[in-house]
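Here is how names work: the chains are called A, B, and so on, in the same order as the sequence lines, proteins then strands, and each is numbered from 1.
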Amino acid sequence: MLRIPCPHCGERDYTEFRYGGDASKPRPAHDERDVRAWHDHVFVFANPRGPHREYWQHVQGCRQWLILERDTATNTVGAARLARDGAGA
Amino acid sequence: MSRGPQRLAHGGRIDRDRPIRCDFEGRPLEGFAGDTLASAMLASGIAIVGRSFKYHRPRGLFAAGVEEPNALVTVGEGGRTTPNLPATTLELRAGLRARRQNGWPSVTIDLGAMNGWLAPLLSAGFYYKTFMGPRRGSWMTYEPFIRRAAGLGRAVHERDPDRYHARHAFTDVLVIGAGPAGLAAALAAAAAGAEVLLVEQDPALGGALLAAPVTGPLEHWRAQLEAAVRATPTIEVLTRTTAIGVYDGRTVALLERHDHAAPDPERGAARETVVTLRARAIVHATGAFERPLLFADNDRPGVMLASAARTYLNRYAVAPGRRALVATCTDAGWLTALDLAAAGTAVTIVEQRDEVAPPLADAARGAGIEMHTGATVARALGARAVAGALVEPLAGGRGRRIDCDLLCVSGGWSPALHLTSHTGRKPRYHPELDAFLPGDWAAGDFGAGALVGAYSPPAAYASGLAAGRAAAAFSGHARAGRTPPAPADVDEPTTFATALAPPRHGRGRTFVDLQNDVTLKDVALAHAEGYGAVEHLKRYTTLGMGTDQGKTSNVNAIAMLASLDRRGIGETGTTTFRPPYTPVSVGALAARNLGRHFRPIRRSPLERWHLANGATMIEAGPWLRPWFYAWAGADVGSAYLEEMRLVRGGVGICDVSSLGKIDVQGPDAAEFLNRVYVNGFAKLAVGRARYGVMLNDDASVLDDGTTARFSERRYFMTTTTAQAGEVMSWLEFLLQTAWPELRVHVVSVTDAWAGMSVAGPRAREALERALPGVDVSNEALPHMGVREVALDGIPLRVLRLSFSGELAYELYVPANHGIALWEHLLDRGAPLGIKPYGLEALASLRIEKGHVAGLELDHRNTLDDLGLGKLAAHDKSYVGRALRARPALQAEDRWSLVGLECLDAGARLRGGSILFAAGDAIAGHGRGYVTSVTFSTVLGRTIALGLYQGGLRHRGEEIVCAFPLKDETVRARIVSPVFVDPEGTRLHV
Ligand SMILES: [Zn+2]
């Protein structure tokens with residue numbers, strides 16, 4: 001079972017969190033009207049084998065969205081920081 | 001008392017002072033404490049332990065541990081019945097009731113053995129070939145027969161009265177397996193200062209050492225090691241505990257068995273406990289399984305792994321035969337031969353190698369053992385049991401018959417690398433050992449003993465010490481400490497060199513997988529038919545898919561496959577091992593999560609009132625909600641119609657506390673709402689509410705609901721019950737990741753407020769009576785108007801909103817005042833005939849009004865699909881706007897919302913019915929489906945909402961609603977989804 005180091009709550013079981021997808025690419029600006037930009041953001045993923053950054057929310061804790069480093073090949077969890085402290089990319 | 005004809009007078013690890021009698025198929029079976037059911041059966045001369053899976057051939061004990069493929073028994077009675085347990089893992093205890101399985105009318109006289117005549121039908125892939133062909137229906141016909149004839153033991157439907165527990169645990173170093181390697185690792189890790197948990201599936205410590213003679217030096221050493229472990233306070237020992245799965249982050253699932261202590265569920269004692277263990281480091285010392293040699297009719301009762309024969313002899317003091325033939329290519333076979341000879345058994349050795357180490361040969365000669373080197377067994381002889389073997393020189397030449405009633409086989413060792421594979425690490429083949437070993441190690445995982453090829457006790461011990469020290473260091477403990485010495489004088493050979501000899505083909509069947517009845521011929525056939533990859537072979541032949549997971553068969557099958565491909569065993573590779581390592585009862589996995597503990601139930605603050613006042617409750621997602629009330633009828637079918645009439649004709653009150661409620665505050669709250677809803681919220685006035693729809697980024701509809709503005713910076717959002725959690729997370733996501741510059745806070749207040757809807761033409765009258773100081777006139781509180789007032793000092797929110805289409809108000813008070821307000825409304829409204837209505841009526845009223853809800857909001861439909869496109873603003877950006885413009889989402893033939901009116905007024909229409917145009921054949925996915933259905937009291941007929949290709953462009957057409965599972969069709973007309981008051985005049989009175 002993975003453990004995620006929440007900056008607020010400390011190391012917690014991943015079952016307290018929800019997964020929120022790829023955090024490695026920037027979300028288009030809210031008023032971006034280009035379909036291609038949103039298409040690429042919503043549907044196109046690199047799906048790397050190896051180091052990756054992803055969103056996780058501590059739903060059963062502080063409710064904060066985190067950006068977590070996780071190696072998708074080994075499932076090794078690295079550092080986590082608050083998403084509000086800086087954009088994903 | 002002899003306790004069985006095969007029991008030796010002396011020796012063994014059984015406690016002869018504690019005789020035990022258990023029930024075996026209604027007859028007493030006797031043995032001693034320390035016996036397994038299998039050893040007691042063998043001692044009593046029970047030779048046939050089961051019938052084989054497909055061919056119903058008689059089978060005998062083959063192994064002495066968890067790898068046993070044949071001796072599966074059913075244990076217990078009634079709800080305690082547990083099928084398919086290896087008799088080799090069941091401790092003999094008073095009260096044990098066991099029976100053999102898979103034989104009819106009995107295991108000894110089995111009519112199903114005629115399955116052998118049907119053998120051509122039952123070859124590799126027979127399930128697929130026979131039942132998946134063009135005449136697929138045949139599977140339905142034959143399946144029950146095949147299952148009964150060829151199945152394993154059967155589970156029961158009765159409730160299991162036993163208790164099962166779950167707990168969590170933590171340790172510095174987990175050591176899995178208490179053989180010489182594991183004992184050494186535990187001692188070394190503890191000496192370095194680590195806290196150690198040592199788990200062992202067996203009741204006793206020692207692993208393979210337990211098979212050595214009890215009077216020899218190995219036992220002396222084993223006892224010393226055990227004493228040292230027991231005397232170390234920082235080593236916790238769990239016996240009868242299996243590590244069943246290894247997961248990420250060095251999380252290990254352990255299964256503790258307590259049957260030996262006769263746990264009493266009435267006193268809270270558990271039969272089994274699943275432990276979720278977190279370890280800083282793990283030492284895997286899981287040992288190895290002996291591999292059989294393959295030859296024709298190798299499944300005859302009396303054919304047994306050499307290590308198992310040695311275990312029965314030395315550990316349980318049972319003579320597994322009177323005249324033994326040991327067929328081997330390993331030194332381990334010679335140990336068995338020597339011990340059998342010492343116990344007075346006549347022994348012949350058939351050794352594949354041309355020569356063995358001189359000390360072994362000398363010892364065998366001294367023990368009077370007949371030796372044949374450079375030879376192997378080509379075939380087992382005998383019908384119901386082994387009576388001899390056909391022995392052939394490997395170099396060629398005539399074979400000869402050698403009589404025996406025990407045929408021991410020793411074909412090398414397969415390390416038990418199941419657990420190390422659980423986290424996805426591939427085994428690697430080591431030709432010098434003829435074995436797969438763990439390929440690589442994750443940080444914090446260490447291996448020792450036979451698992452890493454250190455087979456002999458001294459080698460295992462040394463590797464255990466090293467692994468224990470390394471694991472302790474990894475967990476942060478590197479103190480210098482002392483450990484007991486390795487054994488000085490051990491009479492075990494140190495070479496276990498083996499060779500995977502190609503199997504001999506003769507007449508008769510050669511079984512690779514005894515449990516699933518897979519033969520060499522099946523492997524060859526699968527290979528010839530193109531299933532040459534190990535994973536394909538496994539699925540096509542079911543090899544290794546039995547309850548033993550092929551512990552004795554995998555490597556032989558891979559070797560066979562490799563030889564067919566003329567390539568290396570390492571290249572052929574292994575199948576993937578997955579948890580659990582050994583079978584686990586469902587009860588243990590469920591533990592205490594039963595009944596109301598299965599999952600949390602969310603309860604309305606008004607529930608106590610509902611239960612006391614005739615409500616029948618129903619589960620709605622995690623919520624329990626009132627379904628209907630007894631005042632309206634005895635069953636839901638009649639009650640909800642009465643409740644609907646109440647709302648359409650008078651006034652009713654409904655608990656809506658389960659709606660999601662989110663407090664939205666901040667200087668930028670208006671901008672925030674304007675971004676998340678498709679419709680405009682920037683200009684929503686204080687004191688007003690607005691219906692809004694949210695999209696996901698991909699433009700599918702996420703949720704709808706109403707948000708009220710109570711002050712400049714303070715909003716009160718409601719969501720559907722089903723999407724409350726989803727919407728909350730989404731708002732938090734947007735605020736924290738996308739728009740951190742917005743000064744807005746969102747807080748879930750769902751549990752803080754009780755909500756109730758007062759609905760019906762007389763709703764205003766009801767409010768006037770209940771809230772005399774509050775002006776609820778149409779002028780003061782128009783449709784979509786909201787007020788915050790106080791009632792006896794209690795804050796009360798009044799929102800004029802309607803879900804049913806009637807004049808209606810939603811009232812919210814702090815949850816602990818909910819029942820007081822509810823009773824107050826009922827009391828003051830009594831002269832108007834106000835009564836409660838439940839979820840069924842609520843849902844039906846909204847269908848009549850054409851409001852979409854959970855069944856339509858399934859994250860697949862767009863705004864336009866649901867007829868809500870006109871809501872969307874053109875002068876602002878909102879989440880999902882860009883992707884909403886995708887051409888495919890704008891296509892005219894998308895399945896979109898329609899109303900359906902059944903032509904036959906009283907027709908029974910089922911939710912999920914598939915929609916077809918009038919002339920269509922009733923086949924396939926149709927042109928849409930029914931999402932919600934009810935009987936309309938207003939129209940006096942069955943109506944529905946649904947999604948239909950092209951939607952309302954087909955208004956007026958007659959279509960067919962089909963429910964093929966029940967062979968039902970209902971004719972209906974496509975109409976507007978708003979069945980009641982389409983102009984909305986009732987809302988504005
Ligand atoms: Zn947290």
Original post:
Could you give the distance from OG1 (B:Thr737) to CG (A:Leu66), rounded to the nearest 0.5 Å?
Top reply: 11.5 Å
Original post:
Taking only residues two or more places apart in sequence, or in another chain, which ones meet B:Thr721 in a side-chain hydrogen bond (donor to acceptor under 3.5 Å, both in side chains)?
Top reply: B:Ser658
**OP:** Heavy-atom pairs under 4.5 Å with chain B are the metric here; pick the option from A:Leu2, A:Thr74, A:Asp34, A:Thr76 that has the most.
**Re:** A:Leu2
Original post:
With chain A, which of B:Glu732, B:Arg425, B:Arg884 has the greatest number of heavy-atom pairs at distances under 4.5 Å?
Top reply: B:Glu732
Original post:
Quick check: are there more than 12 heavy atoms from other residues, nucleotides or ligands sitting under 6.0 Å from CZ of B:Arg280?
Top reply: no
Original post:
What closest approach, in Å, do B:Ser729 and A:Trp65 show between heavy atoms, and which atom pair accounts for it?
Top reply: O-NE1, 3.3 Å
**OP:** Using non-hydrogen atoms and a 4.5 Å limit, figure out which bit of B:Val252 sits close to chain A: side chain, backbone, both or neither.
**Re:** neither
Original post:
A:Leu82 and B:Gln736: side-chain contact (heavy atoms from CB on, under 4.5 Å), yes or no, with the steps?
Top reply: CA-CA 8 Å; A:Leu82 295 177; B:Gln736 293 175 29; over 6 Å; no
Subject >> salt_bridge(B:Asp248, A:Arg3) N-O dist < 4.0 Å >> reply: no
**OP:** Report, as yes or no, whether the 6.0 Å neighbourhood of atom OH on A:Tyr14 holds more than 12 heavy atoms from other residues, nucleotides or ligands.
**Re:** no
Subject >> side-chain contact (heavy atoms from CB on, under 4.5 Å) between A:Phe43 and B:Leu883, intermediate numbers included >> reply: CA-CA 11 Å; A:Phe43 299 112; B:Leu883 291 183; 4.0 Å; yes
Original post:
salt bridge (charged side-chain N to carboxylate O under 4.0 Å, His left out) between B:Glu726 and A:Arg18: does it pass, once the steps are laid out?
Top reply: CA-CA 11 Å; B:Glu726 203 62 28; A:Arg18 69 175 285 168; 3.0 Å; yes
Subject >> CZ-CZ distance between B:Phe733 and A:Arg63, expressed to the nearest 0.5 angstrom >> reply: 13.5 Å
Original post:
Shortest non-hydrogen contact from A:Glu32 to B:Ala882?
Top reply: O-CB, 4.1 Å
Original post:
How about A:Arg33 and B:Ser877: does a side-chain donor come under 3.5 Å of a side-chain acceptor?
Top reply: yes
**OP:** Heavy-atom distances under 4.5 Å only: say whether B:Arg250 touches chain A with side chain, backbone, both or neither.
**Re:** neither
Original post:
Among B:Tyr878, B:Trp739, B:Phe672, which residue meets the ring pair (Phe, Tyr, Trp, His ring centres under 6.0 Å) test with A:His30?
Top reply: B:Trp739
Subject >> Derivation and outcome, side-chain contact (heavy atoms from CB on, under 4.5 Å), residues B:Arg881 and A:Asp31 >> reply: CA-CA 9 Å; B:Arg881 173 164 182 165; A:Asp31 52 9; over 6 Å; no
Original post:
For B:Arg675, is it the side chain, the backbone, both or neither that has a heavy atom under 4.5 Å from a heavy atom of chain A?
Top reply: both
Subject >> Heavy-atom contact with chain B under 4.5 Å, split by part of A:Val59 >> reply: side chain
**OP:** For atom CZ of B:Arg860, decide whether the heavy atoms of other residues, nucleotides or ligands shown that lie under 6.0 angstrom number more than 12.
**Re:** no
**OP:** Could you check if a side-chain atom of A:Met1 sits within less than 4.5 angstrom of a side-chain atom of B:Arg278, using non-hydrogen atoms only?
**Re:** yes
